[in-house]
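See below for the structure under consideration.
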There are 2 protein chains.
Amino acid sequence: MSITFDLIRGHTDAIILSYLFEGDSYSYQINKDILNATDGQFELKEATLYTAFRRLEQGGMITSYWGNENVGARRRYYRITEDGREAYASYKREWEYSKKILDKLIK
Amino acid sequence: MSITFDLIRGHTDAIILSYLFEGDSYSYQINKDILNATDGQFELKEATLYTAFRRLEQGGMITSYWGNENVGARRRYYRITEDGREAYASYKREWEYSKKILDKLIK
DNA sequence: TTCCAATACTTCGGATGTCGAGGTATTGTG
DNA sequence: CACAATACCTCGACATCCGAAGTATTGGAA
């Protein structure tokens, strides 16, 4: 089954924050982690991720810094802030809540 | 808690079809049914509903007809088609599926 | 050694869905 | 007679998502 991506819309930030909650990471890595976690059935497109990173950084949810890899391509790492942790907790609650509502409505 | 409506995005059609599955209805009624089902915590805005009805009708998921009320304002009723029933079953599966995915990703 | 796949980042513009604001018409009630 | 409630509808703004395209680096295959 190929998922209609609009179903995930609005949850992008929550998904990203969920990964950053466990440690700094970078776009490509997060993308691969999502693919692994869902057995290759779901991924956030690169453009979507970058839009989200910009949005989250502007909102003070994350900060970013360049890694000093001396091998391979440079990486921009993202780190969750305290505000980001709070936002994540809130997103999580909202997900649980909207799940309940949709379970009521799609029966 | 006030729900971020973007979380519901993409599920509007499924919600509407879910109601029409149980019998013909009209916009205002469906709106009220949703409000009741969620204890007033969630509603689809009128403009959203009309956009969705147009979309569903153009897609052959529903048909519409004018009720012949001799009392009160005229009502446009919507009826689900066979294609609509199939689409609904599919939407329902997709919802179950995306629920699993999001539960994996928002942890 | 040359080419290509993979890693990694980024921008742009189009498509889509949602909804606030505004509008029309009818009926029943104070 | 005004007004709330029912019921319909349109427009335009806005946010998000993502396809497409582009840059740069490294390592391995041919």
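The shown structure was predicted, so the numbers you read here are calculated from the model rather than taken from an experiment. Naming convention: chains lettered A, B, ... in sequence-line order (proteins, then strands); numbering from 1 in each chain.
- The CG atom of A:Asp33 sits 13 Å away from the P atom of C:dT7 (whole-angstrom rounding).
- B:Glu46 and B:Tyr28 form no side-chain donor-acceptor contact under 3.5 Å, judged by distance and modelled atom types alone.
- Scanning for side-chain contact (heavy atoms from CB on, under 4.5 Å) contacts around B:Ala52 gives B:Thr12, B:Asp13, B:Ile16, B:Arg55, with sequence neighbours left out.
- A cation-pi arrangement is absent between A:Lys104 and B:Phe42, since the terminal nitrogen or guanidinium carbon is not both under 6.0 Å from the aromatic centre and inside a 45° cone about the axis.
- For B:Tyr26 and B:Tyr78, the ring centers are positioned 6.0 Å apart or more.
- For A:Tyr65, the ring pair (Phe, Tyr, Trp, His ring centres under 6.0 Å) partners are A:Tyr77, not counting sequence neighbours.
- Checked by distance alone, B:Arg9 brings no side-chain donor or acceptor within 3.5 Å of a matching partner on the base of C:dT18.
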Pairs under 3.5 angstrom, nitrogen or oxygen only, protein versus nucleotides 4-8 of chain D, please.
unit_1: D:dA7; atom_1: OP1; unit_2: B:Tyr26; atom_2: OH; d: 3.2
unit_1: D:dA7; atom_1: OP1; unit_2: B:Arg75; atom_2: NE; d: 2.6
unit_1: D:dA7; atom_1: OP1; unit_2: B:Arg75; atom_2: NH2; d: 2.5
unit_1: D:dA7; atom_1: OP2; unit_2: B:Tyr26; atom_2: OH; d: 3.2
unit_1: D:dC8; atom_1: OP1; unit_2: B:Arg76; atom_2: N; d: 2.9
unit_1: D:dC8; atom_1: OP1; unit_2: B:Arg76; atom_2: O; d: 3.3
unit_1: D:dC8; atom_1: OP2; unit_2: B:Tyr28; atom_2: N; d: 3.0
unit_1: D:dC8; atom_1: OP2; unit_2: B:Tyr50; atom_2: OH; d: 3.4
unit_1: D:dC8; atom_1: O5'; unit_2: B:Tyr50; atom_2: OH; d: 3.3
unit_1: D:dC8; atom_1: N4; unit_2: B:Glu46; atom_2: OE1; d: 3.0

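- Here D:dC18 presents its P atom at 11 Å from CG of A:Asn31, a figure rounded to the nearest Å.
- Atom CZ of B:Phe53 is separated from atom P of D:dC9 by 9 Å (rounded to the nearest Å).
- Between A:Leu49 atom CG and C:dA8 atom C1' the separation is 12 Å, expressed in whole Å.
- Rounded to whole Å, atom C1' of D:dT16 lies 13 Å from atom NZ of A:Lys45.
- Rounded to an integer number of Å, the gap from CD1 of B:Ile16 to C1' of C:dT18 is 12 Å.
- Of the possible polar contacts, one joining the A:Thr81 side chain to the A:Met61 backbone as a donor-acceptor pair under 3.5 Å is found.
- Among the heavy atoms of the strands lying under 4.0 Å from A:Thr51 is at least one base atom, whether or not backbone atoms are also near.
- Distances shown here put a side-chain N or O of B:Arg54 below 4.0 Å from the OP1 or OP2 atom of D:dT10.
- In terms of the side-chain contact (heavy atoms from CB on, under 4.5 Å) criterion, residue partners of A:Phe21 (sequence neighbours excluded) are, by chain and number, A:Ile80, A:Arg85, A:Tyr88.
- A:Lys99 meets the side-chain contact (heavy atoms from CB on, under 4.5 Å) test with A:Trp95, A:Glu96, A:Asp103, B:Trp95, B:Lys99, B:Asp103; sequence neighbours excluded.
- No more than 12 heavy-atom neighbours from other residues, nucleotides or ligands sit within 6.0 angstrom of NZ on A:Lys100.
- Within residues 55-62 of chain B, the residues approaching DNA chain C are B:Arg55, by heavy-atom distance under 4.0 Å.
- For A:Thr12, a side-chain nitrogen or oxygen approaches OP1 or OP2 of D:dC17 to under 4.0 Å.
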